[in-house]
Amino acid sequence: MKRLFLSLALSLSLTLTPALAAGDLTVDGCAVDAAATVRNNTTYVSLRAVTQALQPDALILWTGDRALAEGEDFTLTAQPGALYLEVNGRALYIPQGVLLENGRTLVPVRVLAEALGAEVDWNSATGEVTVTSGDGDILTGAEVYDSNALYWLSRIISAESQGESLVGKLAVGNVILNRVDHADFPSTIYDVIFDSRWGGQFEPVRNGTVYNTPTLESVTAAKLVLEGAEVVGDSLYFLAPSLTSNHWIMNNRDYVATIGVHWFYR
């Protein structure tokens, strides 16, 4: 399965740098005061300012605990502290989280551009960031995700990651897709989950919990993974050492990371 590989940080600590100078960010050729600032090499911008520049007729307001932007063909929400924003049934990963500073909701410019069907160019010599409107409709989740893949990926994530954080859920999803891409495993999400070799690969298949309705966060995690979010590199295995007596993976595979109760190996 072809996927976009992203370099994702497991830590949420931020390295602060001064805001970009006026005129360093343009949208469709016009300078925009977007409170642009760089965090860990990621350019954050005001959701309101850039969305209004790309979609002048959009309604943008604060509702409940999140920013909401609505246009003719999109609905976008971003909750400060969340590791993603949502648009038209899609979920796009923000490893350092949505920020709220001085009353402005800040999100990575590339993530916002992807959400709104725009393109971003960065001039490494001048530091200028250019955002250009796309010429097509803003994509929906139904257009982006294969329904069968999302159905089963969300269920195995939910069954394997009860009580785990969103990052822990992403990690389980990463293992499934890494197996899909690996020659030693089946080539579809369904076949990876229901691989019956060695008595079956996943306990939720054996005990039937893979058929349970997934949690909403597990569905979000599945979408994020299908969008390309990665947190455990090329890991192919995971286990919870405290919950199993079978430690074959620990003794025969290379350790990658621990997230929650799960240890991950390649």
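Just so it is clear, the values below take in all heavy atoms, side chains as well, and ignore hydrogens, waters and symmetry mates. Each residue takes its place number in the sequence, starting with 1. All figures in this text were calculated on a predicted structure; none of them were measured in a lab.
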query = How would you list, by chain and number, every residue that makes a side-chain hydrogen bond (donor to acceptor under 3.5 Å, both in side chains) with Thr130, sequence neighbours excluded?
reply = none
message = For a ring-ring contact (aromatic ring centres under 6.0 Å, His included) check, start with the C-alpha distance between Tyr237 and Trp263, then their side-chain angles and the critical distance, and finish with the verdict.
response = CA-CA 8 Å; Tyr237 305 88; Trp263 293 22; over 10 Å; no
query = Can you name the closest pair of heavy atoms from Val219 and Pro214 and give their distance?
reply = CG2-CG, 3.8 Å
ask   = Hey, is the main chain of Gly168 close enough, under 3.5 Å, to the side chain of Ser165 for a donor-acceptor pair?
value = yes
request  = For the pair Arg266 and Asp254, find out whether any cationic side-chain nitrogen is under 4.0 Å from an anionic carboxylate oxygen.
outcome  = no
query = Going by heavy atoms in the side chains, are Pro241 and His247 under 4.5 Å from each other?
reply = yes
query = How long is the gap from CG on Leu83 to CD on Gln96, to the nearest 0.5 Å?
reply = 10.5 Å
ask   = Which other residues belong to the hydrophobic cluster containing Leu61, where Ile, Leu, Val, Met, Phe, Trp and Tyr are joined when side-chain heavy atoms lie under 4.5 Å apart, directly or via other members?
value = Leu59, Leu68
message = Are the side chains of Ile60 and Gln52 in contact, using a 4.5 Å heavy-atom criterion?
response = yes
task = Using the test side-chain contact (heavy atoms from CB on, under 4.5 Å), find all partners of Tyr151 that sit at least two apart in sequence or belong to another chain.
result = Arg155
Under the side-chain hydrogen bond (donor to acceptor under 3.5 Å, both in side chains) test, residues paired with Thr140 that sit two or more places apart = Glu143
message = Can you confirm whether Asn174 sits close enough to Val225 that some side-chain heavy atom of one is under 4.5 Å from a side-chain heavy atom of the other?
response = yes
task = Taking the side chain as every heavy atom from C-beta outward, state whether Ile156 and Val192 have any atom pair closer than 4.5 Å.
result = no
message = Run the salt bridge (Lys or Arg N to Asp or Glu O under 4.0 Å) test against Asp28 and tell me which residues pass, sequence neighbours left out.
response = none
query = Please, which pairs that meet salt bridge (charged side-chain N to carboxylate O under 4.0 Å, His left out) have at least one residue in residues 239-252, sequence neighbours excluded?
reply = none
note = On a heavy-atom basis, the closest approach of Leu153 and Ile193 is N-CD1, 4.4 Å
task = Provide the full list of side-chain hydrogen bond (donor to acceptor under 3.5 Å, both in side chains) pairs with a residue in residues 76-87, sequence neighbours left out, each pair given once.
result = Asp65-Gln79, Arg66-Gln79
key: Where Glu164 and Gly260 come nearest, the two heavy atoms and their spacing   = OE1-CA, 3.2 Å
query = Under the side-chain hydrogen bond (donor to acceptor under 3.5 Å, both in side chains) test, which residues partner Gln55, sequence neighbours left out?
reply = none
ask   = Which residues pass the side-chain contact (heavy atoms from CB on, under 4.5 Å) test with His182, sequence neighbours left out?
value = Asp184, Phe185, Leu236
ask   = Hey, what do you get for CD1 (Ile176) to CG (Asp181), rounding to the nearest 0.5 Å?
value = 12.0 Å
Donor-acceptor pair between Tyr145 and Glu227 side chains, under 3.5 angstrom = yes
key: Leu226 side, atom CG; Leu177 side, atom CG - distance, nearest 0.5 Å   = 6.0 Å
query = If only atom types and distance count, is the side chain of Asp191 paired as donor or acceptor with the main-chain N or O of Ser187 below 3.5 Å?
reply = no
note = Taken in chain and number order and not counting sequence neighbours, the residues that satisfy ring pair (Phe, Tyr, Trp, His ring centres under 6.0 Å) with Phe202 are none
message = Is a donor from one side chain sitting under 3.5 angstrom from an acceptor on the other, for Asn207 and Thr209?
response = yes
request  = Any chance you could measure Leu170, atom CG, to Ser218, atom OG, to the nearest 0.5 Å?
outcome  = 10.0 Å
ask   = What pairs meet the side-chain hydrogen bond (donor to acceptor under 3.5 Å, both in side chains) rule with one or both residues in residues 102-122, with sequence neighbours excluded?
value = Arg90-Glu114
key: Close side-chain approach of Val180 to Ile189, heavy-atom, < 4.5 Å   = yes
Verify same cluster id: Leu150, Leu216 (apolar side-chain graph, 4.5 Å) = no
request  = Would you check if Thr75 and Val87 make a side-chain contact, meaning some heavy-atom pair closer than 4.5 Å?
outcome  = no
task = Please report the closest heavy-atom contact between Asp137 and Asp73, naming both atoms and the distance.
result = CA-OD2, 4.0 Å
Exercise: identify the closest heavy-atom pair between Trp152 and Tyr190 = NE1-CD1, 3.4 Å
request  = Identify whether the distance between the nearest side-chain nitrogen and carboxylate oxygen of Glu217 and Lys223 falls below 4.0 Å.
outcome  = no
key: Distance (rounded to the nearest 0.5 Å) between Leu239 CG and Thr244 OG1   = 6.5 Å
query = In terms of hydrophobic clustering (I, L, V, M, F, W, Y; side-chain heavy atoms under 4.5 Å; direct or indirect links), are Val167 and Phe238 co-clustered?
reply = yes
task = Report yes if the side chains of Val109 and Tyr44 come closer than 4.5 Å at any heavy-atom pair, otherwise no.
result = no
note = Taken to the nearest 0.5 Å, the spacing of Asn88 CG from Leu139 CG works out to 8.5 Å
task = List for me each residue that meets side-chain hydrogen bond (donor to acceptor under 3.5 Å, both in side chains) alongside Asn212, sequence neighbours excluded, and say none if there are none.
result = none
key: Smallest separation among heavy atoms of Val50 and Val27, with atom names   = CG1-CG2, 4.5 Å
